[in-house]
Every structure is written in C-alpha cells, then in structure tokens.
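In the text below, chain A, chain B and the rest are named by the order of the sequence lines, each starting its count at 1. Keep in mind that this is a model prediction, so the values were computed, not measured. Side chains are part of it too, since the values below use all heavy atoms of this structure and drop only hydrogens, waters and symmetry mates.
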Protein chains: 2
Amino acid sequence: MPTSSPSFRPLYLQITRLLEKSLDAGEWRPGEAMPSEIELARRYGVSQGTVRKAVAALAADNLVVRRQGKGTYVATHTEERTSMFRFLRIRRDDGRDEYPASRLLDVRRFKATADVARLLELKPGDPLVILRRMLEYSGDPVVLDEIALPAALFKGLTKSRVEAYHGSMYSFFETQFGVRMLKAQEKLKAIPADAASARILNVAPGHPLLAVERVTLTYGDRPVEWRRGLCATHHHHYLNQLG
Amino acid sequence: MPTSSPSFRPLYLQITRLLEKSLDAGEWRPGEAMPSEIELARRYGVSQGTVRKAVAALAADNLVVRRQGKGTYVATHTEERTSMFRFLRIRRDDGRDEYPASRLLDVRRFKATADVARLLELKPGDPLVILRRMLEYSGDPVVLDEIALPAALFKGLTKSRVEAYHGSMYSFFETQFGVRMLKAQEKLKAIPADAASARILNVAPGHPLLAVERVTLTYGDRPVEWRRGLCATHHHHYLNQLG
DNA sequence: CAGTGGTCTAGACCACATC
DNA sequence: ATGTGGTCTAGACCACTGG
C-alpha cells in the first residue's frame with residue numbers, strides 16, 4: 001500500500017528505488033540475471049504487476065535489460081552489441097558503421113584543478129588519474145581524448161593494465177573497478193587546434209576542431225568521469241537524435 | 001483480441017498506430033484534448049488498460065501530453081514551457097537559461113539540389129522555400145540558420161508573414177501550415193567561417209564555427225525540414241544529454 | 001460533486017527460451 | 001514441460017482538476 005500523502009510517491013517507484021539501491025550495492029553484477037518478477041513480488045510483498053512497473057522504469061533508464069522468456073539482466077558495457085554507440089557519437093560521413101581503434105598515449109596522475117574538482121564533486125587537489133588516448137578510424141587519427149578519473153575509485157590503474165584489456169573503456173572500468181557509467185552530459189564547441197593537438201591529429205594549427213566535454217554519472221547521479229575529446233571532423237561528424 | 005501470429009503485434013500497439021493515424025489526419029488539433037480513455041476504450045472495443053498502454057506509448061514519443069485530472073492533449077510547440085529547449089540545444093556557458101531572439105534575414109525560393117532533395121525525399125529541382133535568420137543572445141549574434149522547406153507544404157510563406165508571427169519557428173509552422181515537427185537528426189562538425197558568415201556572426205574569417213545540420217521529421221517519419229546552423233561558440237555551447 | 005488520468009490487484013492467457 | 005517476461009482484462013481505489 002502506498003504511503004498516503006503528503007508528497008505522494010507511488011509504490012512501484014518506491015520499489016524502483018529499492019532495486020536501484022541493490023544494483024548500486026552490487027547485489028547483482030552486470031550481465032547477471034536479477035530475480036524473477038514473481039520472486040521480487042514475494043520479497044517486497046506486492047503484486048507481480050507492481051514489480052513489473054518498477055522494473056520497466058529501470059529498463060527505461062537502461063539500468064536493466066529485459067529478455068522475454070529468459071529474465072531481467074543487469075545492463076553491462078561489455079556485450080552491448082545493440083547500443084554500442086550509446087556513448088560514442090562520432091560517425092563516418094559516408095554512413096558506414098565503424099568502431100574505432102583506441103590507442104593509449106599515456107597514463108598519469110595529477111591533482112584536481114578547481115574546475116574539474118567541482119565537476120567531479122571532489123576537493124581541489126584530490127588525486128586524479130588522467131588517460132590520454134587516440135581514436136583511429138581506418139588507421140587515421142580522428143579523436144584525441146583526455147580522460148580524468150578520481151584516483152580513489154580507480155586504484156591500480158596503470159598503462160599496461162589498460163593495454164592488456166580488450167574491449168571498450170567503459171567495459172574496462174566496469175569489470176576492473178566496478179564503476180558503472182550510466183549517463184552523461186556533453187557540451188560541444190568549435191575551437192582552433194593548438195600546436196600539440198594539431199600535430200597528433202594531423203591537421204594544421206588553428207584548424208577547427210570539435211571539442212566535446214563530458215561528465216559521466218554512475219548510480220545516484222554521482223559524477224565519476226570527466227572527459228574532453230578533440231575531434232577532427234573532416235570525414236566524420238557527431239550524430240545526435242532529437243526526440 | 002490480438003491477431004494470433006505470425007509476426008505478432010500486440011493490440012495496444014495496433015491502437016497506438018490507429019491513434020497516430022488520427023493525429024496525422026488532424027482529427028484532434030495541437031493543444032486540444034483527445035477523447036478520454038474510457039471513450040477510446042469503447043470506440044476500439046478494448047479495455048481501458050489497453051488504451052492506457054497505447055496512449056502511454058504516444059506520450060513516450062512526445063506526441064501527446066497527459067495531465068492527471070484533466071485529460072490527454074495533443075502536443076504543441078506553441079505553449080511548451082517545459083520542453084522549450086527540446087529542439088534548441090544552444091546554451092550559455094554560464095548556465096543561465098536564455099531564450100534567443102530570432103531575426104529574419106530573408107525568405108527566398110530555390111530549386112532543390114540533389115543532396116537536399118534526397119534528404120527531404122523530393123526530386124531534384126522541386127521548389128523549396130529558404131529562410132535565413134539569426135539567433136541573438138543578449139543582442140549578440142550567435143547562430144546563423146539556413147532553413148529549407150518543401151514549398152508544396154508551405155504555400156504562401158512570406159517574409160512579412162513570418163515577421164508578423166510571435167513565437168517559435170516550429171510554432172509558426174504548426175499553426176500556420178499544419179506541419180508538426182516531431183523529431184530530428186543532427187550532424188555536427190567544426191568548420192572554418194567563410195567570409196559572409198564571418199561578417200554576420202562578427203568573427204574573423206576562418207574562425208572555427210559549430211556547424212549543425214538537421215533533418216526534421218513529422219508523422220510517419222516524413223522529412224519536412226532541412227536546416228543548417230552555424231554557431232559561434234565563444235560564450236555558448238551545444239548541450240547534449242546521453243541517456 | 002463528477003470526470004479525468006494514475007495506481008494496484010488478481011487472474012487468465014500468450015510468446016519465447018530452455019531443458 | 002516449465003519458467004520467464006509480455007499482454008489483456010475487470011474492478012477497486014487514489015490523486016488531481018474543475019465547476
């Protein structure tokens with residue numbers, strides 16, 4: 001029975017929140033099946049229909065994937081063939097789907113500047129791990145990424161460990177450090193290439209680049225990654241769907 | 001009762017499709033209320049719960065807005081205070097919400113080139129109406145838009161008629177021509193400013209601009225607008241939410 | 001007050017996957 | 001055959017809006 005006001009919150013959303021807490025706590029790991037609807041209904045003492053609405057809300061947020069006949073699975077970055085491009089918006093102009101190769105340039109440690117600290121909800125000076133990497137399409141350099149992570153969440157992240165891993169960056173974070181990237185906010189600008197970036201991206205200094213700044217969130221909207229990509233948009237573009 | 005296979009389609013989705021057809025045909029106009037769930041249930045001979053799922057699907061696609069206690073309303077671009085920024089992604093860097101002023105430069109007629117014709121599913125040479133306009137934030141020119149429309153759908157569109165209208169462009173299209181913009185696909189690049197655009201946007205020639213190319217769709221995913229915006233991103237950016 | 005959409009339940013049945 | 005999620009129904013009740 002739902003809590004009768006004030007500030008009414010339906011029962012199914014209360015259960016959504018409980019399930020989200022369990023996901024955050026790691027009660028079921030990414031890729032694993034959650035308990036069936038009937039079992040969850042017993043656990044929370046509600047009808048199967050109410051559990052269904054609760055789980056549907058999780059599925060709508062991509063926290064969970066439902067498979068008819070099989071069960072409900074915790075979403076993962078590891079095997080997502082369908083939504084492989086959910087966090088990768090750069091496409092070829094000719095429309096062909098190409099998944100870029102990632103080449104790691106370096107991994108270093110820094111102290112957070114004031115602005116990055118604010119975006120990651122850290123204190124200025126808190127330790128960061130900074131990765132720099134290239135994304136190459138058909139062997140050509142297209143994106144230069146700088147990725148800042150709170151060192152506290154990514155203990156033991158080294159260059160060789162990244163290079164030993166085969167799969168996407170977010171799959172790496174998820175399996176190796178238990179940090180799940182759920183959503184992100186991006187801000188785009190057009191800026192002139194500085195000398196160093198120009199050299200790496202093989203363009204003239206001052207040439208227009210697409211700058212993509214991203215803050216990535218995990219459960220509870222906690223920010224866990226700051227990223228800036230510089231993209232040479234000669235033969236590629238940033239694709240966005242407005243619903 | 002749902003059609004029993006093959007290629008199974010649930011009853012509520014069949015009804016969603018019927019409602020969508022009615023919306024397309026203009027059975028209820030934007031801003032108007034649709035019939036109540038109970039009435040729709042009678043009309044289609046299904047339960048209220050099934051109608052509810054059908055309408056929920058429309059609401060998820062932003063075709064319709066549900067208001068508890070009042071009814072279900074056909075979505076409109078005219079009064080959307082909440083989702084005013086659904087099709088306008090340019091924001092101020094300082095985070096303040098500002099709705100830009102629109103200044104119309106000219107309205108002209110052209111014949112469609114091969115590429116625009118393909119994007120708008122027209123034949124090359126079909127007549128187009130082309131609007132050019134500026135978006136100004138706090139009096140400063142920020143975006144230079146070029147908007148191409150199939151002349152067949154926008155008969156009688158003139159400069160003075162646009163200028164006489166108060167409201168957004170899509171509100172204008174909706175109320176004056178019955179063309180409803182529902183979703184869009186955008187491609188972004190960073191390009192150097194050409195001489196003419198540079199002058200209008202008050203930047204140096206060659207300065208990086210954010211180029212935003214948009215194809216906008218109406219019911220049935222029919223393309224009805226092609227648009228290219230050039231954005232000076234000194235104090236503004238393109239904001240995107242990755243779900 | 002009556003009418004709307006929103007929640008919750010219980011039960012029947014369907015589609016799909018696996019054994 | 002069994003278990004999963006997905007659909008559909010019918011009915012009761014709740015929250016909100018407006019006259």
Side-chain angles (χ1 to χ4, degrees), chain A residues 1-19 23 28 31-76 79 81-82, chain B residues 1-19 23 28 31-76 79 81-82:
Chain A
M1 192 179 310
T3 317
S4 70
S5 46
S7 92
F8 169 67
R9 181 155 224 170
L11 184 49
Y12 78 91
L13 282 181
Q14 299 177 34
I15 291 173
T16 299
R17 169 174 286 187
L18 290 176
L19 290 170
L23 286 166
W28 316 289
E32 279 184 15
M34 294 175 54
S36 74
E37 293 178 352
I38 292 175
E39 200 170 323
L40 290 173
R42 268 201 300 269
R43 173 191 300 195
Y44 295 113
V46 299
S47 77
Q48 186 180 354
T50 298
V51 165
R52 187 183 299 279
K53 281 200 78 170
V55 175
L58 294 176
D61 287 345
N62 292 115
L63 297 190
V64 125
V65 176
R66 318 200 70 177
R67 286 198 259 265
Q68 185 175 169
K70 301 191 67 176
T72 300
Y73 295 80
V74 182
T76 172
E79 29 145 343
R81 276 294 163 275
T82 65
Chain B
M1 191 179 311
T3 318
S4 69
S5 48
S7 92
F8 168 68
R9 181 155 224 171
L11 184 48
Y12 78 90
L13 282 181
Q14 299 177 34
I15 291 173
T16 299
R17 169 174 287 188
L18 289 176
L19 290 170
L23 287 166
W28 316 290
E32 279 183 15
M34 295 176 53
S36 73
E37 293 178 352
I38 292 176
E39 200 170 324
L40 289 173
R42 267 200 301 269
R43 173 191 299 196
Y44 295 113
V46 300
S47 77
Q48 186 179 353
T50 298
V51 166
R52 185 183 300 280
K53 282 200 77 171
V55 175
L58 294 176
D61 287 346
N62 292 114
L63 297 189
V64 124
V65 176
R66 318 199 71 179
R67 287 197 259 263
Q68 184 175 169
K70 301 191 66 177
T72 301
Y73 294 79
V74 182
T76 173
E79 30 147 341
R81 277 292 163 276
T82 63

A:Leu58 and side-chain contact (heavy atoms from CB on, under 4.5 Å): which partner among A:Val65, A:Leu19, A:Ile15?
A:Leu19
Which one, D:dT7, C:dC8, C:dG6, comes nearest to the side chain of B:Arg66?
C:dG6
If you count every heavy atom of other residues, nucleotides or ligands that lies below 6.0 Å from B:Arg67 atom CZ, does the total exceed 12?
yes
Given side-chain contact (heavy atoms from CB on, under 4.5 Å), test B:Glu39 with B:Arg42 step by step and report yes or no.
CA-CA 5 Å; B:Glu39 200 170 324; B:Arg42 267 200 301 269; 4.2 Å; yes
Under 4.0 Å, heavy atom to any atom of DNA chain D: which of residues 31-44 of chain A qualify?
A:Ser36, A:Glu37
If you count every heavy atom of other residues, nucleotides or ligands that lies below 6.0 Å from A:Arg43 atom CZ, does the total exceed 12?
yes
Base, sugar-phosphate, or nothing: which does A:Arg67 touch, judged by heavy atoms less than 4.0 Å apart?
sugar-phosphate
How long is the line joining CG of A:Leu11 and C1' of D:dA15, in whole Å?
15 Å
Spacing of B:Gln48 atom CD relative to D:dG11 atom P, expressed in whole Å:
12 Å
What heavy-atom pair brings B:Leu18 and B:Tyr44 nearest, and what distance separates the two atoms?
CD1-CE2, 3.7 Å
B:Ile15 has an atom CD1; how far is it from atom C1' of D:dT9, in whole Å?
13 Å
Under 3.5 Å: donor-acceptor pair, side chain of A:Glu37, backbone of A:Val51
no
Pairwise 5' ranking along DNA chain C for A:Ser47 and B:Gly71, keeping only the more 5' one
B:Gly71
Measure CG/A:Leu13 against P/C:dG6 and give the value in whole Å, please.
13 Å
Atom pair distance, as rounded to whole Å: OH in A:Tyr73 and C1' in C:dT18:
10 Å
Looking only at heavy atoms, the pair that brings B:Tyr73 and B:Gly31 closest together is CD2-O, 3.5 Å
Atom pairs, N/O to N/O, protein against nucleotides 16-19 of chain D, distance under 3.5 Å?
unit_1 : atom_1 : unit_2  : atom_2 : d
D:dG18 : OP1    : B:Lys70 : NZ     : 3.2

Any idea which heavy atoms bring A:Arg52 and A:Arg66 closest together, and the distance?
O-NH1, 3.8 Å
Quick one: which of D:dG6, C:dC8, D:dT9 gets closest to the side chain of B:Thr50?
D:dT9
What is the separation between atom NZ on A:Lys53 and atom C1' on D:dC8, rounded to the nearest whole Å?
15 Å
Looking only at non-hydrogen atoms, find the nearest pair between B:Val74 and B:Val64 and report the distance.
CA-CG2, 4.3 Å
From D:dG6, C:dG5, C:dC8, nucleotide with atom closest to B:Arg52 side chain
C:dG5
